[in-house]
Amino acid sequence: MRVRSEAHCSLVGLPRMGKTSVAREVLRSLDSTVTGLVGGYITLDAIRGPIQAYNRILEETSPAEWDAQTIVRTSDHDEAYECFLRTLRKRRRCGQRSAIVVDEIDAILQDGFTDASLFIARIREVANDRDRYGVTFIFVSRRSLDMIQGAVDCSTLAGLCEVMYMRPLERDGLDALSARSPVPVDDPGREALWQITGGHPFLAEVVMCEAVEKNNSHLSDKSIKDAQHAQSHEFTNQYRQLESLLAHDKMFEAMCELVVGPRWRAIAPHTECLLKHYGILLSSDVVSGSVACMSEHFRDYLVLLTRMTPSWLLLGDAERQLRYLVQDRMVLAYGENWFDELQKKLPRLSAALAKLIEQRIREKRMFGDAASDFILDYAYISDLKDFVFAEWEQYRSILGGAKAEWDRRFQDIIRARNPMAHHRPIPADFLQEAERSCRILLSRLKGEECSNKI
């Protein structure tokens, strides 16, 4: 509708969400004999700079061979642009109107793309005068145009476009996708597909293709989960792309805090709003303001990351250092097979130890090599406290003081960490006591000089 009315639009979405497919389908559906629009497509990640971009736009929207190569071969940006404008005006006087998809416009931020700021400003000039130049633009990008143009400090191109975010499919859309399968998918299978992919079209197709190729008579929840496990690398690759993209303004870190916790700082409303625009952050309770992420599987991945590098840096450092201490003390006491020996000697810890093994197996199946091999990476502060107290004599010389005193300090940390992880408010005195206990713990584990740096 936007293109038919010759209005510019900006299609924004995360990687592999189907933006390019939709843009190309729009061009395909434009019947030039009815709309009078000549459609074309370029992608800036295959273009070295503005001059080549102008040439490609004219080539793609050329109504005839005779003016396809109008721009002279020059290295002068100004000369090339003037020739570009003359050709557009000439075509418009002949009655031509065109629609051009400019894909991967994020590429102007790459070092190899020259004159990015001037290029955006000149594209805006063309877009702002449709009567004179007759060009309708469909911009396709991973980041919004205002973020892109802000990064190169120029233009107001974004103000000319309606922004449309491509989000993951909703449940009925995902069911429609699974209904195209040559192998029937039962209700538990569709539910599993939803929990694993959250409607992400690429990830859903990866899982479905893998499941169908296994020659099952029908696709159950087990079939879908087994297919995801076989393609876990595709999921972790996709998640790493998201992390890289959302590293801008620490949006990925903010998402981890919002979804997994602990939430230890104020997060800008704009950041939360943008994550919801992308469709990877969802409102789960409008009353409490709590949020969820795209899928249960993606949430598990965020848990994996925040366990290794928690947002609350002080607590994260304390947990990591305590894991190393437990590992060192247990190896010293029982040797390299300390985990098995601990299970034999302390059966009261068997349930806790078995839980760590179960969690590692689960995450290894879901995330492959991205999941940690270190068993204590799956232990939180409360688990580590139990390990320390079960073999207190192994730790007394390191920690010092009375066992009861350390029990209080661990409880101070747990009392703050648990509500933070579940997005519940924490009284200021609780947080202060937790920070004090973390500092004391780190001073024992890393030395006073390390503690003073925190």
Side-chain angles (χ1 to χ4, degrees), residues 1-12 19-20 22-44 47 49-64 66-71 77-108 115-141 144-150 152 154-166:
M1 290 173 62
R2 293 285 298 177
V3 175
R4 286 178 183 276
S5 62
E6 298 181 67
H8 311 297
C9 57
S10 171
L11 192 58
V12 183
K19 305 180 296 295
T20 299
V22 167
R24 284 186 173 278
E25 179 63 17
V26 168
L27 291 184
R28 191 197 64 79
S29 66
L30 287 175
D31 186 346
S32 61
T33 60
V34 175
T35 63
L37 291 171
V38 177
Y41 170 90
I42 68 169
T43 177
L44 293 189
I47 287 175
I51 298 174
Q52 189 179 8
Y54 301 144
N55 269 304
R56 288 293 307 282
I57 290 173
L58 292 181
E59 290 171 3
E60 286 291 313
T61 58
S62 175
W66 59 271
D67 71 345
Q69 298 289 341
T70 307
I71 290 184
H77 188 176
D78 292 338
E79 183 181 351
Y81 181 61
E82 287 302 320
C83 189
F84 177 60
L85 295 184
R86 284 198 301 272
T87 303
L88 291 179
R89 289 194 296 267
K90 174 183 176 182
R91 289 180 178 182
R92 187 70 191 97
R93 288 194 296 270
C94 294
Q96 181 187 335
R97 294 176 295 124
S98 58
I100 183 75
V101 173
V102 182
D103 202 353
E104 298 288 356
I105 197 169
D106 312 72
I108 69 167
D115 290 344
S117 177
L118 185 58
F119 174 69
I120 288 293
R122 285 175 165 174
I123 289 296
R124 186 197 184 281
E125 180 183 12
V126 174
N128 196 43
D129 198 344
R130 282 189 297 271
D131 290 338
R132 193 177 189 190
Y133 300 112
V135 181
T136 299
F137 288 96
I138 307 170
F139 298 104
V140 180
S141 57
S144 63
L145 275 182
D146 58 346
M147 293 174 67
I148 294 171
Q149 68 189 24
V152 296
C154 71
S155 187
T156 54
L157 176 62
L160 302 180
C161 305
E162 179 180 349
V163 181
M164 303 173 183
Y165 279 87
M166 278 198 65

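Quantities reported herein were computed from a predicted structural model and do not represent experimental measurements.
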Hey, what do you get for [atom1] ([X]) to [atom2] ([Y]), rounding to the nearest 0.5 Å?
X	Y	atom1	atom2	answer
L11	E162	CG	CD	11.0 Å
T20	E104	OG1	CD	6.0 Å
I120	I108	CD1	CD1	3.5 Å
I57	L88	CD1	CG	8.0 Å
I51	Y81	CD1	OH	13.5 Å
E125	I123	CD	CD1	10.0 Å

>> Would you say R97 and T136 are linked by a side-chain donor-acceptor pair, where the criterion is simply a distance under 3.5 Å?
In response: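 There is no such pair between these side chains.
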Backbone of [Y] reached by a side-chain donor or acceptor of [X] within 3.5 Å:
X	Y	value
H8	A127	yes
Q149	L157	yes
R130	E6	yes
Y54	A80	no
R91	L58	yes
D129	R132	yes

Do [X] and [Y] touch side chain to side chain, with heavy atoms closer than 4.5 Å?
X	Y	result
F119	L44	yes
R122	D78	yes
P50	L118	no

>> Using the side chain to side chain contact (heavy atoms under 4.5 Å, CB included) criterion, which residues pair with R86? Sequence neighbours excluded.
In response: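 Residues passing side chain to side chain contact (heavy atoms under 4.5 Å, CB included) with R86: E82, C83, R89.
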Looking at [X] and [Y], what are the two nearest heavy atoms and their distance?
X	Y	value
E60	I100	CB-CD1, 4.0 Å
A99	L27	O-CD2, 4.0 Å
T61	Q96	O-NE2, 2.7 Å
S29	R4	O-NH2, 3.6 Å
A53	I47	N-CG2, 3.7 Å

>> Using the side chain to side chain contact (heavy atoms under 4.5 Å, CB included) definition, which of the options D103, V102, T43 pairs with V140?
In response: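 Option passing the side chain to side chain contact (heavy atoms under 4.5 Å, CB included) with V140: D103.
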> Going through the distances and angles, do V101 and R24 end up as a side-chain contact (heavy atoms from CB on, under 4.5 Å)?
Replying inline: CA-CA 8 Å; V101 173; R24 284 186 173 278; over 6 Å; no
>> I'd like to know if E25 and R28 make a salt bridge, using a cut-off of under 4.0 Å between side-chain N and carboxylate O.
In response: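 Between R28 and E25 there is a salt bridge, with a charged N closer than 4.0 Å to a carboxylate O.
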> Taking the inter-plane angle between the rings of F137 and F139 on a 0 to 90° scale, is it parallel (under 30°), tilted (30 to 60°) or perpendicular (over 60°)?
Replying inline: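 It falls in the parallel class, under 30°.
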> Who pairs with S10 by side chain to side chain donor-acceptor pair (under 3.5 Å), at least two apart in sequence or on another chain?
Replying inline: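 Here no residue qualifies.
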